[in-house]
Amino acid sequence: MTIGALELTIGATILLLLVIWWLWPSHNGPDLTKPPKDMSADNHAAVAHSEPKPKPAIEMMVAPEATTGKVRNESDYSEEELMMRDVRAALHRGKKIDAIARVRQSTGMSLMEASAFVDKIEMPDGHGDNL
């Protein structure tokens, strides 16, 4: 029985990995389950009883519906709002053709008009029509 080149390559790779694993330096880092060596009991007590730092205030931008507690159902949106939601979602996914198809489906625009409409929404320089 002869050993082929593939078997020799596999065997050599396994042997090399075993040698690397055996020679790899073991983890000599600090034991994270124990307190640091330089921390005395007095210092530890002082740190444990210090005042907590105040958390910074976070200002949140909240939609007006969120402050009133009213949740809008999908049926509460107009067809135009639903179309724009779908178009923006398709553009976000990189599916420009799907966005154009959705505009054409909802508005009956021609291909050129729908493409121009989507291009106007998609403009990255901020001059797009953010309907």
Measure the spacing between [atom1] of [X] and [atom2] of [Y] and express it to the nearest 0.5 Å.
{"X": "Leu82", "Y": "Ser106", "atom1": "CG", "atom2": "OG", "answer": "8.5 Å"}
{"X": "Met112", "Y": "Phe117", "atom1": "CE", "atom2": "CZ", "answer": "15.5 Å"}
{"X": "Met84", "Y": "Ser78", "atom1": "CE", "atom2": "OG", "answer": "10.5 Å"}

Could you tell me which residues satisfy side chain to side chain donor-acceptor pair (under 3.5 Å) with Thr13, sequence neighbours excluded, listed by chain and number? none
Considering residues at least two apart in sequence or located in another chain, which fulfil the side chain to side chain donor-acceptor pair (under 3.5 Å) criterion with Gln105? none
Glu79 meets the salt bridge (Lys or Arg N to Asp or Glu O under 4.0 Å) criterion, sequence neighbours left out, with Arg102
By salt bridge (Lys or Arg N to Asp or Glu O under 4.0 Å) - contacts of Lys95 (at least two apart): none
Residues joined to Ile14 in its hydrophobic cluster, side chain to side chain under 4.5 Å directly or through other members, sorted by chain and number, are Leu6, Ile10, Leu18
Should side-chain heavy atoms under 4.5 Å link Ile, Leu, Val, Met, Phe, Trp and Tyr, which residues sit in the same cluster as Leu17? none
Taking side-chain contact (heavy atoms from CB on, under 4.5 Å) as the definition, give me every residue that meets it alongside Leu111, ordered by chain and number, with sequence neighbours left out. Ile100, Arg104
Please say whether more than 12 non-hydrogen atoms of neighbouring residues, nucleotides or ligands are located less than 6.0 Å from CG in Leu8. yes
Are the side chains of Glu80 and Thr107 in touch, meaning some heavy atoms are under 4.5 Å apart? no
Least distance between heavy atoms, Val87 atom then Ala99 atom: CG2-O, 3.8 Å
